[in-house]
Amino acid sequence: MDMVDAGIGRLLIASLHQGIADVSPTRLDFYENWLSPTGLRDGRMGLAPLGAVLSFLNREEPPADRVIPAHAGACAAEWTYASASEFRKRMTKRLPLSMRTHAALGLGRTLVNETISQSKVKTRMKNGEGVVEIRSPLFEYLREPSSAPMRRFYAAAYGEFFRFCDVEATINVDAEAPCCRLTIAVQGSRTADAAGPDAP
């Protein structure tokens, strides 16, 4: 399956490049064998080279093996949020907790589809606890443990969206799941919020 079939987006390529550049700059030349400037400009990358990048990331010395994909996910979330209109961002801040939670989940879905457009996202939330399941050609192509960096990438991205929406939440990766499964526990608002029926 090539890039067109998998729908690998420029957002994923650029954020991985940024994560490596910020966390392990001395390793950037090595990774640019796959994350080349041409690929960044044209947004062209197939599953095989992306799989190689993720496999090598997972074999980096700790803590870089965890910090790089998490930082890349945070960068991708920041860029996605920055692209939203100022009106939408202001209105989101004024919503009650339950609606801000759904807004954060919606941003997460947008990011997943912009990183790999062929992805399917299923979300279940009830009483402040929920699960996000992400299925994509990438997770079908990769074998454990090479998929671990992408799970960390998405967990960090969702965590940032909850923060941007002023929601205090804990995001964990279900390492035993066959797909990318994130568990979410909402504790409340990051800012003062009057208690109401939507409190978790």
Side-chain angles (χ1 to χ4, degrees), residues 1-84 107-119 121 132 134-164 171-175 177 179-182:
M1 183 177 290
D2 59 22
M3 182 215 168
V4 174
D5 294 327
I8 298 171
R10 186 179 289 107
L11 177 65
L12 177 55
I13 303 171
S15 57
L16 286 172
H17 188 276
Q18 189 68 49
I20 297 164
D22 289 347
V23 177
S24 298
T26 59
R27 297 283 288 153
L28 188 58
D29 285 346
F30 170 76
Y31 282 101
E32 283 187 340
N33 287 309
W34 299 276
L35 301 172
S36 66
T38 300
L40 287 168
R41 183 177 65 249
D42 299 336
R44 296 185 177 277
M45 182 175 241
L47 286 174
L50 178 56
V53 168
L54 296 173
S55 179
F56 282 117
L57 281 178
N58 198 52
R59 286 182 277 176
E60 289 285 341
E61 291 292 324
D65 61 330
R66 294 179 175 274
V67 176
I68 290 173
H71 183 63
C75 288
E78 181 179 350
W79 298 337
T80 300
Y81 186 73
S83 69
L107 286 165
R109 182 185 295 272
T110 297
L111 178 142
V112 170
N113 290 327
E114 287 186 359
T115 51
I116 304 174
S117 64
Q118 298 300 315
S119 298
V121 183
V132 174
I134 302 169
R135 299 180 184 272
S136 75
L138 179 62
F139 288 112
E140 295 172 5
Y141 175 82
L142 293 174
R143 294 183 180 273
E144 284 287 359
S146 297
S147 65
M150 279 307 300
R151 297 170 194 259
R152 295 167 185 147
F153 176 97
Y154 285 131
Y158 270 83
E160 286 297 287
F161 287 136
F162 278 101
R163 184 174 68 85
F164 293 148
I171 317 292
N172 289 308
V173 175
D174 183 351
C179 62
C180 177
R181 179 179 294 156
L182 308 177

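Remember, it's a predicted structure, so these values are computed and weren't measured experimentally. Sequential numbering from 1 along the given sequence is applied to the chain's residues.
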- Enter the distance from Cys179:SG to Asp174:CG here, rounded to the nearest 0.5 Å. 8.0 Å
- Message: Tell me if the CZ atom of Arg163 is crowded by more than 12 foreign heavy atoms within 6.0 Å.
- Response: yes
- Query: How far apart are the closest heavy atoms of Ser146 and Leu54, and which atoms are they?
  - Reply: O-CB, 3.6 Å
- Query: Do Tyr154 and Thr115 pass the side-chain hydrogen bond (donor to acceptor under 3.5 Å, both in side chains) test, and can you show the C-alpha distance, the side-chain angles, and the key distance before you say yes or no?
  - Reply: CA-CA 10 Å; Tyr154 285 131; Thr115 51; 2.9 Å; yes
- Interatomic distance, Cys180 atom SG to Arg135 atom CZ [nearest 0.5 angstrom]: 10.5 Å
- Query: Just wondering, do Arg181 and Val132 contact through their side chains at under 4.5 Å, heavy atoms?
  - Reply: no
- Within a strict 4.5 Å, meaning less than it, do heavy atoms of the Leu57 and Ile20 side chains meet? yes
- Quick one: salt bridge (charged side-chain N to carboxylate O under 4.0 Å, His left out) pairs with a partner in residues 150-159, sequence neighbours left out? Glu144-Arg151
- Spell out, as yes or no, whether a donor-acceptor pair under 3.5 Å connects the side chain of Ser117 to the backbone of Glu114. no
- Message: Show the nearest heavy-atom pair for residues Gln18 and Trp79, with the distance to one decimal.
- Response: CB-CH2, 3.8 Å
- side chain to side chain contact (heavy atoms under 4.5 Å, CB included) partners of Ala64, counting only residues at least two apart: Ser24, Glu60, Ile68
- Task: Provide the closest heavy-atom pair for Ala148 versus Asn58 in the form atom of the first, atom of the second, distance.
- Result: CB-OD1, 3.6 Å
- Task: Evaluate the side-chain proximity of Ser15 to Phe153: yes if any heavy-atom separation is below 4.5 Å, no if none is.
- Result: yes
- Side chains of Asp65 and Pro62: does their closest heavy-atom pair fall under 4.5 Å? yes
- At their closest point, which heavy atom of Ile171 faces which heavy atom of Ala155, and how far apart are they? CG2-O, 3.9 Å
- Message: I'd like to know if the side chain of Arg109 and the backbone of Val121 have a donor-acceptor N/O pair within less than 3.5 Å.
- Response: yes
- Is the closest side-chain heavy-atom distance between Leu107 and Tyr158 below 4.5 Å? no
- Note, Leu35 side chain near Leu50 side chain (heavy atom, < 4.5 Å): no
- Going by heavy atoms in the side chains, are Glu160 and Tyr81 under 4.5 Å from each other? no
- Query: When the ring planes of Phe56 and Trp34 are compared, do they come out parallel, tilted or perpendicular, using 30° and 60° as the limits?
  - Reply: tilted
- Is there side-chain contact between Leu111 and Phe161, with at least one heavy-atom pair below 4.5 Å? yes
- Query: How many angstroms lie between CE in Met150 and CG in Leu142, if you round to the nearest 0.5 Å?
  - Reply: 8.5 Å
- Please check if any side-chain donor atom of Glu32 sits under 3.5 Å from a side-chain acceptor atom of His17, or the reverse. yes
- Message: Looking at every heavy atom in both Pro137 and Ile116, which two are closest together, and how far apart are they?
- Response: CD-CG2, 4.1 Å
- Task: Grab the two heavy atoms, one from Arg59 and one from Ser55, that are nearest each other, plus how far apart they are.
- Result: NH2-OG, 3.1 Å
